[in-house]
Amino acid sequence: MKAHQPEDRPEWDRTSEWSDIRFHRKRIKPGTMRTIHLPLLDVNLGDRWPVPVTVIHGGRPGPCITVLGGIHGDELTGPSACTHLLSNAFTDSGKPLDPATLAGTLRIVPVVNLPGYRMKSRYFPDGRDLNRQFPGDPGGSTTKRVADQIWNYLVADSDAIIDLHSAAKGRTNMPQVRVDLSHTSSYLLAKSFGIEILLDSIPPKGTLRRTANAADIPVITYEGGGADFLGDQSVKVAVHGILNSLRSMRMIPGNPQRPKFRIMASGSTWLRAAEGGLLDMFVSAGSVMREGEVVATISDPATPGMTVDIVAPEDGLIIGAATNPFTAAGMPVGHFLPISKHFALLEEQIDANGHFIVNGSLEERVWREEHEINEISLHGAWSGEDVDSEWVDSKITNEKEFEEEEAA
Ligand SMILES: [Zn+2]
């Protein structure tokens with residue numbers, strides 16, 4: 001991947017040989033698309049968990065890009081965005097993903113964790129989180145075997161990967177990209193997505209992003225919306241961002257649509273409940289906050305008449321918010337990005353509800369050159385060393401038990 005420059009390369013090498021490819025023993029001709037069922041388990045007996053992978057093998061040479069949705073089976077933004085991209089509105093003749101004109105190969109997997117999706121669960125049927133098992137192990141646990149299969153068929157030969165997620169149960173995220181900015185090709189991929197908020201982070205061990213980055217494969221994680229929920233804005237921004245990245249890589253015609261500014265944040269603040277009870281959120285993910293404005297109120301049915309407010313500690317943006325009203329003291333209520341110094345930029349892009357208008361969430365198209373973007377670095381550190389580590393996840397304990405069980 002070292003040779004690839006997704007953003008700046010003027011044109012993919014058009015002189016290289018471009019011919020049929022094979023995916024899981026099926027042949028795909030240039031200028032065609034084909035949906036192939038990739039078994040997640042390489043077995044002769046029992047369920048093989050076949051998962052549809054659509055391969056659009058372009059008529060012209062170019063890179064191989066993989067878009068993954070539903071690694072967590074209950075996160076629906078990715079599955080929905082991928083399904084849109086595979087519709088006639090995108091793949092018909094003359095449309096953006098027309099196989100005849102596409103340069104390169106695009107692989108789209110709407111739901112990687114199809115068994116989890118069928119159970120409306122984040123996890124695999126053995127209770128494990130696929131996104132902690134990479135690069136997998138063909139002789140390991142069920143989910144480790146799945147990770148190994150995904151790694152071999154969808155990750156290892158990708159020139160870049162866009163991994164689509166939503167917040168876990170009980171919370172929601174405004175559209176944002178997570179990326180290790182020190183990994184240059186991932187940074188270029190993140191920029192090409194054309195979104196305002198980039199969280200510079202190294203994800204936990206065993207995640208697809210961390211493992212693929214270690215193998216020098218550029219990866220970005222897109223986050224938008226929440227589990228068991230489908231929001232128009234998150235899906236729109238995902239589709240818009242993927243098309244932007246493909247345009248930047250010269251895989252599809254047209255110029256990428258760029259944001260007015262780009263915030264590259266390396267830290268955030270957690271707004272926590274000081275008291276327990278019922279949480280009444282006044283704002284939601286994407287709300288632009290002035291210092292001192294009320295984010296939420298906590299009341300307790302056992303002690304009527306008393307309420308406690310949670311306020312914005314400074315000017316900034318709610319990038320993630322709790323959606324579950326059951327609250328105990330110390331629980332995170334909001335994931336807050338302090339942006340006091342650059343608040344004027346946020347204020348220029350606010351809708352009637354006080355929400356930040358993310359690039360791509362409106363139909364309006366504004367063309368901008370890369371050098372016209374105002375880039376802002378926000379210094380800090382992620383609490384607990386991971387962007388989301390302060391959110392409570394009941395299954396994390398189980399995950400640890402599994403690790404111990406495996407180690408034993
Ligand atoms: Zn996820």
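All ligand and atom numbering here is 1-based and tracks the order in the structure. This one's a predicted model, so the numbers in the text were calculated from it and none came from an experiment. Counting begins at 1 with the first residue of the sequence.
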Taking the N/O/S atoms of [X] one by one, which is nearest to the Zn ion (ligand 1)?
X	result
E75	OE1
H165	ND1
H72	ND1

Distance from I319 atom CD1 to I339 atom CD1, nearest 0.5 Å?
8.0 Å
Say whether H165 and E223, considering side chains only, have a donor N or O and an acceptor N or O under 3.5 Å apart.
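The answer is no; no qualifying pair exists.
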Salt bridge or not for R27 and D20, using N-O below 4.0 Å?
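Looking at D20 together with R27, the answer is yes, because their closest N to O distance falls below 4.0 Å.
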Measure up the H335 and W270 rings against each other and bin them: parallel (under 30°), tilted (30 to 60°), perpendicular (over 60°).
parallel
